[in-house]
Amino acid sequence: MKQNFEGPGEGQWITVDEKNHELQVPENPIIGYIEGDGVGPDIWAASRPVFDSVIEKVYRGTRRIQWWKIAAGEQSFKECGSYFPEVSFDAIRKCVIAIKGPLTTPVGGGFRSLNVTLRQELDLYACIRPVRYLTGTPSPMIRPEDVDMVVFRENTEDVYAGIEWKSGSSEATKVIHFLETEMGVKLPSDAAVGVKPMSPTATKRLVRMAMRFALDNNRKRVTLVHKGNIMKFTEGAFRDWGYDLARTEFSDVVIFEDDLSSKYHGEIPDGKILVNDRIADAMFQQALLRPREYDVLAMPNLNGDYMSDALAAQVGGLGMAPGANVGDACAVFEATHGSAPKYAGMDKVNPGSMLLSGAMMFRRMGWHEAANLLEKGLERTIGSRVVTYDLSRLLPGSTEVSCSGFGRAIVDKIREI
């Protein structure tokens, strides 16, 4: 799959203000897309007409997206011998915003996760996962409507940095020898070894993005989620660095839990943001029992992976969970579920994750009217009990439709609104 680096022939490039990282979005922006592997082509084929219909409905022909196909995944490997060619990274940098389906990481030693590679190569340091209930979606929760949180997951460090050595390898043996002789750490001689890096630089830029999001979107709480009671110099430091960032850069708007009770009688004043923290395992329980007390969650990589998927389960599962990998220079929006190869080409799976990620993408572009209409069309379609198989099996009396049929039903609802 040869990447056409000149773009789609029409449209204009999005640009980024280097000083404040704000986007300048033309009326006909070039947006990159990666179909993905497995069910990726199915959900893209269902989603693209929805995106185009929303834009046409809202902007009446004054705006449109020029879609630019970017090579990645299994098809790319077959055609050019690389799962993620360097030219594809350059293409994402050029178009600034892209959207992708799931990518399958090849099984076997020597292959790193394609998603992790994408995040690190482009320095997409924040994985943003909003979790909100859409009326009518089947859920195991009694009150799923209480769940409305946005997870900011640090994307480049922690155990996902990929610094590890196989059990019995010469590299692992060297590391174990160093730890024993120089650091006084005793390990089994056949241990596999990994390194968990965390830095104030990466932590603070993530928490800064979470704080700015809270301010821009009228969110009242930012919670630092960590396991600092055990890993004091990594996860505990994440907590401390997060508080330090809040105190030094947002001193005019932040309050802390001690202030909340002693100064504000338990109520967050208008214009203020409460910054607090929770131990990761306790936060899982809080998310189930007291979800209304949480707004924006900022956390290290591994915690964020677990937490965002667990929250998604509360509002309908990964099929209804959007996500974005965002840096200062570009952003890639994505379906957050796997490639599900056993369903590939069956026109069966739920495209909701990609559709909601598209709504996130529209908001990133400043096209808020399009985002709102897309979400409303999706919600009304689910409310009419026309759903894909994953939701139909949990929704008695519903009408099960295919992936593409679900997309068409959403387009019909959008036209009715």
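Treat the numbers as computed from the prediction; the structure is a model and nothing was measured.
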Which residue pairs pass the ring pair (Phe, Tyr, Trp, His ring centres under 6.0 Å) test when at least one of the two sits in residues 184-228, sequence neighbours left out? F152-F213

What about the rings of F238 and Y243, do their centers lie closer together than 6.0 Å? no

Ion pair present between K263 and D258, side-chain N to carboxylate O less than 4.0 angstrom? no

Within 45° of the six-membered ring axis of F250 and under 6.0 Å from that ring's centre, is NZ or CZ of R212 located there? no

Quiz question: by atom type and distance under 3.5 Å, do the side chains of N303 and E235 form a donor-acceptor pair? yes

Counting only heavy atoms from other residues, nucleotides and ligands, does the tally under 6.0 Å from NE2 of H21 exceed 12? yes

Nearest 0.5 angstrom please: K100 NZ to N325 CG, how far? 7.0 Å

Is a side-chain donor-acceptor pair under 3.5 Å present for T156 with Q120? no

So that I know where these two stand, are W44 and Y33 an aromatic pair - ring centroids less than 6.0 Å apart? yes

Is any side-chain N of the basic residue among R292 and D148 closer than 4.0 Å to the acidic one's carboxylate O? no

salt_bridge(R205, D328) N-O dist < 4.0 Å: no

Tell me, please, which residues at least two apart from R363 pass salt bridge (Lys or Arg N to Asp or Glu O under 4.0 Å). E375

Quiz question: by atom type and distance under 3.5 Å, do the side chains of N276 and R221 form a donor-acceptor pair? no

Do NZ/NE/NH1/NH2 and the carboxylate oxygens of R208 and E249 come within less than 4.0 Å? yes

Salt-bridge test for R153 and D305: reply yes if a basic N is under 4.0 Å from a carboxylate O, no otherwise. yes

Check this for me: does any side-chain nitrogen of one of E86 and R93 sit under 4.0 Å from a carboxylate oxygen of the other? yes

Decide, yes or no, whether a salt bridge links K220 with D295 under the criterion of side-chain N to carboxylate O below 4.0 Å. no

Around atom CZ of R143, are there more than 12 heavy atoms from other residues, nucleotides or ligands closer than 6.0 Å? no

Distance under 6.0 Å and angle within 45° of ring axis: R278 vs F284: no

K376/E379 ion pair, N-O < 4.0 Å: no

Does the side chain of S402 pick up a donor-acceptor pair with the side chain of S404 at under 3.5 Å? yes

